[in-house]
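Just below is one structure, and these are the notes that go with it.
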Amino acid sequence: MISSIIFILAFGAAIYLFSKNIGKVIRNIKLGKPLDRSDNRAERFKVMAKVALGQSKMVIRPVAGIMHIIVYLGFVLINIEVLEIIIDGIFGTHRFFASPLGSIYTLAINFFEILAVGVIIACVVFLVRRNILKIDRFSKPELKGWPFKDANIILFIEIILMGALLKLNAVEANIEGALEKPFIISQYIAPFFASFNQDTLHIFERVFWWFHILGIFAFLNYLPFSKHFHILLAFPNTYFSNLNPKGKFTNMESVTNEVKIMLDPSYTPATDIPAGRFGAKDVNDLTWKQLLDAYTCTECGRCTSECPANQTGKLLSPRKIMMDTRDRLEEVGRNIDINGEFKEDGKSLLGSYITEEEILACTTCNACVQACPVNIDPLSIIVDLRRYLIMEESKAPAEWAGMLTNIENNGAPWQFSPSDRFNWANEN
Amino acid sequence: MENLKVPTMAECAAKGEMPEVLFWVGCAGSFDDRAKKITKALVKILNHTHTSFAVLGTEESCTGDPAKRAGNEFLFQMQALNNISVLNGYGVKKIVTACPHCFNTLKNEYPELGGNYEVIHHTQLLQGLIDSGKLKVQGGSFKGKRITFHDPCYLGRANNEYEAPRAVIEKLDSELIEMKRCKERGFCCGAGGAQMFKEAEKGKKEVNIERTEEALSTNPNIIATGCPFCNTMMTDGVKHFEKEESIKVLDVAELIAQAQDL
Ligand code: SF4
Ligand code: SF4
C-alpha cells in the first residue's frame, strides 16, 4: 500500500516534470517564423515511417547503423515491459501480464532478455568507438565538454538499466514459487544470488525493481536536456521534412515584392507578406522547422564527416551549426523564463555563436542534408545567415562583391560584355 | 570553321518558327574558354540529330544562381524576373542546359517567380536521344577506356539525377568505374555555393584537390563531368598532380561528340 503511494507520487512527479520541460521546448520552437508543412500527409507519413521508424539512413554506415537499430529496438520493446511495471507499481500486483498471457509472456520476456544483452553489447561497442577508438566524427571540437559527456552518460544509463532488468529476473529465479521456470538469459546470472536467503532475495528484488523504474523516470526527464531527445523528436522532424528537391532554395516573397516595385513602379505590392529582416541573424529569424531541427540533432556528426569544407580543414561544421542554433535557442528560452519576455542580451546566433568564416565556407553541396539520419537541413540555416550577412550588413567578401556587381552590370559573374555573350558560336 | 548551326530565338520568332527546345547556354558555357568547348560539343550533337533548338544569344543573362547561393536574393530575383520575361515572351516550353546550376535554378526556383518550363540537363537529353534511336553511339576512341564520373552536386543530390550521365557513358563500350564517394555520397568539387568566385576559407587542403585525388585513385583514363564548374575544378586538380598528359577531364557531351567524330 505504502509502496503504491510512493510509486504513484514518483510517477506523477516524473510525468509532471517531463510535461513542463516539453512545454518549454514547444514554446521555444514556436519562437520561429511560420512555415506551412501541412500538405502531403500521405507522403509525410511515408517519409517518417521510412526514415524514423525504419532508420533507412542509419544503415548507410552498417556497423553503427545495425548496432543503433538493436539499441533502438531494445529501447522501444523493453519499454512495453515498463507498462507492466507501472501497473504493478500502482496496483501493487506482481507481473500483472504473466498469468493472462501465459506462455506468450515467457516468450516475450525471453526475447526482451536477449535484446537486453544485445543492447548492452551495442552500448559497449559505442563506448569503445567514442572513448578508445576516438572515431574522427566524435573527436571534433564542437563535441568537447558536455556533448561528449552526454553521450557517455546515456550509454552508461542504458547499460545499467538493462543490467537491472536482467538482475531483477535473476533474483526472482531464486525466489521460491515466484516463477514457473527461469528466463533464458537471467538463469545464468541466477546462481550469483543463490546463496542469499529468501528474505534478502525479496529485498534485492524490490531494490532492482525500484532502481529500474526510477532509472526510467530519471531518463525520461534527462531527455529534453540531451541529444537523446531525438528518440522522440525524430518522428515529428522527419514527418515535417522538406519534400522539395534539395537544390531548391526558399523563395523570399518579401524580396519579390520589392524587386517587382523596382522593375515596375505601377506594381501594387502584396500586403500579406510580413516585412522584417532579410535572412537570419538570430534564432527567431529562423522558421519553427529549423528550430525543431536543432532540438532533434543527435550530434552524430554524419553531416560533418561528409562536408567537403570540414573535411578539408575549414572551420565550418554543419553539426556545429545545429548545436549552436539549439544552444542559442535554449539561452533565449532561459532569458524568457527569467524575464517573462525576451530581454535584449546583446548576443545573436550569427556573431556570438556562428562566425562569418564558417558560413562563407559552405559550397551548398547538400552532403550534410543527404547524410542526416533524421532529415535535418543545416544548409537552410547557413543560407539564411548568409542572406542576412549579404543583404542586411552588405558584408560580402571583396571577390563576391565584384562577382555580384558583374552580374548586375554584365549579366555574368565575370567581367565580360553582354554583347559578347554569343561570340562562341563564331569562334573556332 | 566547324559550321555550327546555332539559331537564335529572335531569328526563329522572325520566321514564325517555334523550336522544340531552348538551349540555355549559361555564363560559363558562353564565356569560359574551356566550357565553350562543351557548348559546341552539345551543339554538334543537336545538329547531328536534327534536333529543333535555338539559343537566346545575347538576350540570355545569368540565371542568378551564384547571387542566390551567396545570399543576395535581390539580385537573384532581378535576374530571374528579367530572364522569365524574355523566356515567356518567346513562349518557351522546354529548356535544356549543360550547367547543373542553371538547370536547378530554372527548374526549381523560377516557377515561384512565374517561369514554368520543362527543364532538363543535357545528359538527360542525350539519354533520350540515345533511347529513341536518334543518336547512335559507338565507343570509338573510348572503347575499353577507364572512365570515372564525378557527380555534380546540383544534378545529383540537389535533383536526384544519377543515372542519366552513367547511362550515356555506358554506351561508349568503356569501363565505368565508381569513386568510393559517388552518387548520393558524391564529394563536391568545391565550386558550388558561389565558391567558384572567391578564394576558399582557411583550411588544410583545397576541396578540388581532395576530390581529384579520389578520382585519380580509381586509375582512370578519363574523368567525366556534367558541369562546367566541376570541369574547371577537376582540370585544375589534374594539373596540380601533373597528370594532364595522361588523364583527360571531359564533359559527357564531349565524350559523345568525340566518340562519333562530330
Ligand atoms: S552544404 Fe555546406 S555545410 Fe553542408 S556539407 Fe555541403 S559544404 Fe558542408
Ligand atoms: S544534423 Fe543530422 S547528421 Fe548532423 S549531427 Fe545532427 S543528426 Fe547527425
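In what follows, every chain begins at residue 1, and chains take the letters A, B, ... in the order their sequences are listed. Note that the structure is predicted; figures quoted are calculated from it, not measured.
- N310(A) and K320(A) share no side-chain donor-acceptor pair at under 3.5 Å.
- Interface remark: F74(B) contributes backbone and side-chain atoms alike to the contact with chain A (heavy atom separation under 4.5 Å).
- The pair R69(B)-E109(B) meets the salt-bridge criterion, since a charged nitrogen lies less than 4.0 angstrom from a carboxylate oxygen.
- With respect to R181(B) and E214(B), a salt bridge is recorded, a charged nitrogen being found less than 4.0 Å from a carboxylate O.
- Only the side chain of N104(B) comes within less than 4.5 Å of a heavy atom in chain A; its backbone stays farther off.
- Residue T256(A) touches chain B through both its backbone and its side chain, counting heavy-atom pairs closer than 4.5 Å.
- If you measure heavy-atom distances from S417(A) to chain B, the contacts under 4.5 Å come from the backbone alone.
- Pairing each heavy atom of Q290(A) with each of D384(A), the nearest pair is NE2-OD2, 3.1 Å.
- Looking at L113(B), the atoms closer than 4.5 Å to chain A (heavy atoms on both sides) all sit in the side chain, from C-beta outward.
- With salt bridges taken as basic N to acidic carboxylate O contacts below 4.0 Å, one links R61(A) and E306(A).
- The part of Q79(B) that comes within reach of chain A is its side chain, from C-beta onward, which places non-hydrogen atoms under 4.5 angstrom from that chain.
- Residues R387(A) and E73(B) are paired through a salt bridge, judged by an N-O separation under 4.0 Å between the basic side chain and the carboxylate.
- For chain B, no part of N244(A) is nearby; none of its heavy atoms comes within less than 4.5 Å.
- For L404(A), the parts lying under 4.5 angstrom from a heavy atom of chain B are both the backbone and the side chain.
- Between E178(B) and R185(B) there is no salt bridge, since none of the side-chain N atoms of the basic residue sits less than 4.0 Å from a carboxylate O of the acidic one.
- Contact annotation for F31(B): both backbone and side-chain heavy atoms come within less than 4.5 Å of a heavy atom of chain A.
- Ring-plane geometry between F229(B) and H101(B) is classed as perpendicular, the angle between the planes exceeding 60 degrees on a 0 to 90 degree scale with a lower cut at 30.
- If you measure heavy-atom distances from Y110(B) to chain A, you find no contacts under 4.5 Å at all.
- Interface remark: F278(A) contributes side-chain atoms only to the contact with chain B (heavy atom separation under 4.5 Å).
- For Q77(B), the parts lying near chain A are the backbone and the side chain together; criterion is any non-hydrogen pair under 4.5 Å.
- Heavy atoms closer than 4.5 Å to chain B are found nowhere in I382(A), neither backbone nor side chain.
- Salt-bridge annotation for R211(B) and E206(B): absent, with no side-chain N of the basic residue lying under 4.0 Å from a carboxylate O of the acidic one.
- Interface remark: K198(B) contributes backbone and side-chain atoms alike to the contact with chain A (heavy atom separation under 4.5 Å).
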